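Treat the numbers as computed from the prediction; the structure is a model and nothing was measured.
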Amino acid sequence: MSLLSTILFLSAAKSSYELVLNRKEIFSNAKEAAVETKRVNALQAQLKNQLKTLQKEAEKIAPLAHDLAYKTQAFSQEAQARAEQIQAQMEQAQERVKQVKNHPNQK
């Protein structure tokens, strides 16, 4: 056997020895990794289901949001018109008060 073959043989023997020494730990780590992988996959499936549910709910809410936006805009316009009407009535009332003050005998 040449020196290179001996070195390769000894390296392989050492690796095999360490593998045998650490096999319990290696198997334990492999089992733990498998359990964690299953757990992650289950969580991922759960998240996908929740996302689908949220998307369905969002589809239901979208028309309501659009309707609410329309109603808010309509209410705002109505409120603005009513405020302008009240302002005009206030100005008319103030004008009448001025007229009454200036001409107390006239009605």
Side-chain angles (χ1 to χ4, degrees):
M1 245 187 341
S2 71
L3 181 60
L4 182 59
S5 296
T6 305
I7 292 173
L8 287 174
F9 174 76
L10 290 175
S11 295
K14 184 178 183 319
S15 296
S16 295
Y17 176 74
E18 287 182 11
L19 181 64
V20 169
L21 277 180
N22 298 324
R23 74 177 178 269
K24 287 182 182 177
E25 185 179 341
I26 291 169
F27 284 132
S28 174
N29 288 342
K31 286 179 184 178
E32 185 178 325
V35 167
E36 287 300 313
T37 300
K38 286 179 185 177
R39 189 177 72 82
V40 167
N41 288 338
L43 289 173
Q44 183 181 19
Q46 229 178 7
L47 287 173
K48 284 181 181 179
N49 287 336
Q50 289 174 352
L51 179 61
K52 285 179 185 177
T53 302
L54 287 173
Q55 288 170 335
K56 287 178 185 176
E57 293 300 316
E59 288 172 3
K60 291 178 187 176
I61 292 173
L64 295 174
H66 180 70
D67 187 45
L68 267 175
Y70 173 78
K71 287 180 179 180
T72 301
Q73 183 182 11
F75 177 77
S76 176
Q77 290 172 349
E78 186 179 321
Q80 180 65 31
R82 184 68 181 132
E84 289 171 2
Q85 185 182 20
I86 291 170
Q87 181 66 31
Q89 289 174 348
M90 289 286 292
E91 289 171 1
Q92 288 175 355
Q94 288 174 348
E95 190 61 37
R96 283 187 145 173
V97 168
K98 284 182 186 178
Q99 287 176 357
V100 169
K101 283 184 180 179
N102 291 338
H103 307 288
N105 296 335
Q106 294 179 350
K107 288 189 180 182

Name all residues meeting the side chain to side chain contact (heavy atoms under 4.5 Å, CB included) criterion together with Arg96; count only those two or more places apart in sequence or in a different chain, and write none if there are none. none
Hits for side chain to side chain contact (heavy atoms under 4.5 Å, CB included) against Leu43, two or more places apart or cross-chain, chain-then-number order -> Arg39, Gln46
What's the verdict on side chain to side chain contact (heavy atoms under 4.5 Å, CB included) for Met90 and Ile86, showing C-alpha distance, side-chain angles and the deciding distance? CA-CA 6 Å; Met90 289 286 292; Ile86 291 170; 4.3 Å; yes
For the residue pair Gln87 / Glu91, report whether a side-chain donor-acceptor contact shorter than 3.5 Å exists. yes
Would you find a donor on one side and an acceptor on the other, under 3.5 Å apart, between the side chain of [X] and the backbone of [Y]?
X	Y	result
Ser76	Thr72	no
Asp67	Pro63	no
Ser11	Ile7	yes

Show your reasoning for whether side chain to side chain contact (heavy atoms under 4.5 Å, CB included) applies to Lys14 and Leu10. CA-CA 6 Å; Lys14 184 178 183 319; Leu10 290 175; over 6 Å; no
Could you check Asn41 against Thr37 for side chain to side chain contact (heavy atoms under 4.5 Å, CB included), going step by step and ending with a plain yes or no? CA-CA 6 Å; Asn41 288 338; Thr37 300; 3.8 Å; yes
Could you walk me through whether Glu95 and Gln92 pass side chain to side chain contact (heavy atoms under 4.5 Å, CB included), step by step? CA-CA 5 Å; Glu95 190 61 37; Gln92 288 175 355; 5.6 Å; no
Just checking Glu32: does its CD atom have more than 12 heavy atoms from other residues, nucleotides or ligands closer to it than 6.0 angstrom? no
Working to the nearest 0.5 angstrom, can you tell me the gap between [X] [atom1] and [Y] [atom2]?
X	Y	atom1	atom2	answer
Lys48	Lys52	NZ	NZ	8.0 Å
Gln73	Leu68	CD	CG	13.0 Å
Leu54	Asn49	CG	CG	11.0 Å
Glu78	Gln85	CD	CD	10.5 Å
Ser2	Leu8	OG	CG	8.0 Å

